[in-house]
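The structure appears right after this line, and notes come after that.
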Protein chains: 2
Amino acid sequence: MTQRNVLFLEEFLPYRLSRLSDAISRDFSQAYRARLGLTRPEWRTLATIGQYGTMTATEIGAHSSMHKTKVSRAVASLEVRRWITRVPDARDRRVERLSLSKVGQKAYEDMVPVARAFEAEMLERMSAAEREALLAGLAALERTALSGPDGA
Amino acid sequence: MTQRNVLFLEEFLPYRLSRLSDAISRDFSQAYRARLGLTRPEWRTLATIGQYGTMTATEIGAHSSMHKTKVSRAVASLEVRRWITRVPDARDRRVERLSLSKVGQKAYEDMVPVARAFEAEMLERMSAAEREALLAGLAALERTALSGPDGA
DNA sequence: GCGCATTTGTTGCAATCGTAACCATTGGAA
DNA sequence: TTCCAATGGTTACGATTGCAACAAATGCGC
């Protein structure tokens with residue numbers, strides 16, 4: 001007899017993750033939504049291209065687990081802002097190589113310290129042992145959850 | 001000089017959490033979407049009422065971080081299935097106390113072991129030390145992230 | 001008691017999202 | 001070469017979402 005046939009949501013991993021992710025993403029999005037007027041998919045796209053320099057839409061989707069229509073629309077919207085440029089791939093004309101324009105690069109570089117500060121503020125409220133545990137636990141979870149059913 | 005002005009998304013906490021939560025929720029939702037035909041907000045509502053026995057819509061929203069319109073529609077949909085019952089509160093007639101019907105209770109109790117099995121399978125793929133780290137880390141994060149800007 | 005801000009829950013509407021269908025292109029297989 | 005399945009990316013459409021407005025009820029100040 002476990003406890004009665006009840007599931008304690010506060011201890012249920014998918015539920016805990018979902019609540020944390022929602023709350024943190026919502027908080028963080030205020031930091032760039034107000035400042036840059038970006039939606040979440042747009043921020044992700046900007047951050048991905050900013051990190052890797054040049055990517056295709058498919059690569060962005062694979063890397064950030066975004067649906068390809070989401071990526072397509074985020075890219076279109078960032079292009080209207082003139083933050084990214086599309087360069088047709090010479091070898092495969094289905095593909096377009098996406099990069100940051102000068103203005104986009106500037107926006108990205110403005111955003112990076114904001115993101116770092118947000119994360120630092122969160123981590124500073126934990127002890128060193130807690131931080132270590134969190135990072136180790138997340139790494140383990142990524143190994144088991146992101147490579148299982150489809151990932152790898 | 002940190003590294004250049006680049007943010008490594010793979011190490012960025014909000015990004016990691018979001019990817020994990022999305023992937024795990026998506027996997028888990030298949031376990032009940034196919035079996036019970038429930039959406040995510042409906043599952044959450046069912047699970048919350050199942051755990052607490054009786055709740056109001058506002059309480060469900062506060063507990064599970066769902067927008068009140070989401071709760072309202074999930075409740076309406078579960079009521080159509082006759083899985084939950086509404087009882088007007090005698091003291092405050094704005095409020096309706098929500099409980100599971102007999103059929104709803106049965107569905108809930110069928111669902112609980114499925115959820116437990118899903119979680120167990122995920123945790124079994126980690127070492128004991130990793131599990132411990134994950135749970136400790138999440139607890140610490142909940143303490144800092146769910147009580148900060150608005151939670152408490 | 002009366003008035004008014006607050007709370008509970010629902011609904012209209014615009015924006016966002018994902019499935020499916022689609023076009024253009026590619027790379028083999030025959 | 002000629003098919004044709006597979007891939008990259010966009011778009012149409014229906015479903016889901018959240019904001020804002022709303023009605024009903026409460027309760028506090030006076």
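- Contact annotation: A/His67 side-chain N/O to C/dC17 OP1/OP2 distance is not under 4.0 Å.
- Considering only heavy atoms from C-beta on, B/Met55 comes within 4.5 Å of B/Ile60 through its side chain.
- At whole-Å resolution of the value, CG in A/Asp22 and P in D/dT17 are 12 Å apart.
- At a threshold of 4.5 Å between non-hydrogen side-chain atoms, the residues A/Leu138 and B/Leu13 count as touching.
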A/Tyr108 vs A/Trp83, test: side chain to side chain contact (heavy atoms under 4.5 Å, CB included). Steps then yes/no.
CA-CA 9 Å; A/Tyr108 174 73; A/Trp83 281 12; over 6 Å; no
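- Projected onto DNA chain C by closest heavy-atom contact, A/Arg40 and A/Arg91 fall at different nucleotides, the more 5' of which corresponds to A/Arg40.
- Taking atom CD on A/Gln30 and atom P on D/dC19, their separation rounds to 11 Å, with Å as the unit.
- A centroid separation of less than 6.0 Å is found between the aromatic rings of B/Phe28 and B/Tyr32.
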If a protein heavy atom is under 4.0 Å from the base, mark B; if only from the sugar-phosphate, S; if neither, -; do that for nucleotides 4-16 of chain D going 5' to 3'.
--BBSBBB-----
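- Contact of the A/Glu42 side chain with the A/Thr39 side chain is registered, since non-hydrogen atoms from C-beta on lie closer than 4.5 Å.
- A donor-acceptor contact closer than 3.5 angstrom is absent between the side chains of A/Ser25 and B/Ser18.
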